[in-house]
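If you're wondering where the values come from, they're calculated on a predicted model, not measured in any experiment. Throughout, protein chains are lettered first and strands after them, A, B, ... in sequence-line order, and every chain is numbered starting at 1.
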Amino acid sequence: MKKRNIVFGLIIGLMCIVLALGVQTFAKPCVHDRKLMTLLTVEGGAVAVLAGIGMIRPGLKSPFLAAIGGILAILTPGTLMKICADEMMRCQVYTRPTAVVTGALIVALSLVWFGLELKHREHT
Amino acid sequence: MSISKLPLRNILRHPGRTTAIAILVAVLSFSLLSGSILVYSLNSGLRSLENRLGADIIVLPDSARSKVNIDNLYLQGTTGYYYMSTAKQEEITKRDGIAAASGQVFLATLRADCCSMPVQVIGFDPETDFTVQPWIAERAKNDLSLNEVVVGSKVSAGVGESLRIYGISCRVAARLDATGTGLDTAVYCTGETMAVLLNAAREMNHELKITTDPSKVVSAVYLRVDPAFSVEDVANDINIHVRKVQAVKTRSVISGVSDSLGGVASTIKALIIGVWALSFLLLAAAFMLLGGERKREYAVLRVIGVSRKRLSGIALKEALFVSVLGGLIGIALSLLIVLNFHSLIEKALALPFLLPSGRNIMLFAVSTLVCVCIAGPLSAMVSALKLSRADTGIILREGV
């Protein structure tokens, strides 16, 4: 296992844990939004698995798919799934910001990881 | 390879070293930008509250004191339910020194369904009003008809859309500017619309605090004092001569908020200074350590003819490039977190909070980048000077 893959895999994994556990605890959406909560947890879990695979089997697929997972996490509350319109509701105050921030960090880290993998591939 | 490309090459060839320094610089820019946006938002929230209250004095019934904290009256989403007869308003208006007076009625706080915050319905008189209408940011037409409302900036209905209150569909005729306070979640309507809403609420068996005709009661009277009179004297005069009411000077409401805000702002400023001092020292130490490790590299450059001045220029350029990288990372993180979590910050602080405009945020971001681009090379200055002045012969002979 390469040091680079371990570092990126672990940081992205940590972001996924924050997202998946966050929407179940401190960033829980309103009562009726069980679907949103489940979807974000599944997305977080899936990206965590991809990050794990990327650590064991380096390649371009894992960071690329992780970046897509991050984009989905950003788009899920509000664009893909409707959330409360009121700005001061839980969905808007906790859930959406948590998903957007962790999603954006996952996307940024995955893209850097992808770029480094691509560079490494060109060299070898 | 040209010497001018050396700093960039050095950065790219040592990703670990570059990342470590960039993270330190990112901490600097994150703390500076986040802190600046927070302090600015708190200050503009206070200014907005000051302007928006509009009145010099607010007269409330005595019962209001037991129900709400007057100092925080407008910071809360709910202004409460307390009423006095319109006869009191007439009595107040007749006192000396009053230039303008307008009454408002606060209706029960409503929660439309599971996914909406309670909204305060406030009835106002468009004829005498001077506190609501000057702040209309967007409007469909000038006059408010029956079942038309003016909404605060945080009410989730646009101009022309409908809002259901107690089953009555109310058309949004105008939208107010944001204040960063509880006023942003209020819905304003005329007395006629208020009567319709009250009847609808009674039909739905809602427990209401208004038992009489809504046109015969007011919750608060907003007063503008004649410039020839002192606000203090007029407030005291009302408190002494009009029974069962209390005149609150808006200055006292604002100064209470201002005190709390001053405390929070000072804490943020102290934190920024602390983080900057610590990060600057750490950066300087990191550059010193790196300089020690790179003595031979610089000595070789001296041997091949690079001047002392050029050598320190290379070191400073490296520091500048890493500062730009770290600065941009810190700025991006700060904007991502502050702009997304601003509602949470507002909720946690419980103070007027108004985010700066996009243009001002850009200005803050650019200023932050400039600051870290000065601080980074400045912290590397000592190390760069030391390296450029080291005796090349000794270093190469030592073999370190």
If every non-hydrogen atom of B:Phe341 is compared with every non-hydrogen atom of A:Val101, which pair is closest and at what distance?
CE1-CG2, 3.6 Å

What one should report as the nearest heavy-atom pair of A:Tyr94 and B:Leu344 is CE2-CD1, 3.2 Å

B:Leu333 portion near chain A, given a 4.5 angstrom heavy-atom threshold
side chain

Shortest non-hydrogen contact from B:Asn340 to A:Pro97?
O-CG, 3.1 Å

Ignoring hydrogens, what is the shortest heavy-atom contact between B:Ser343 and A:Val93? Give both atom names and the distance.
CB-CG2, 3.9 Å

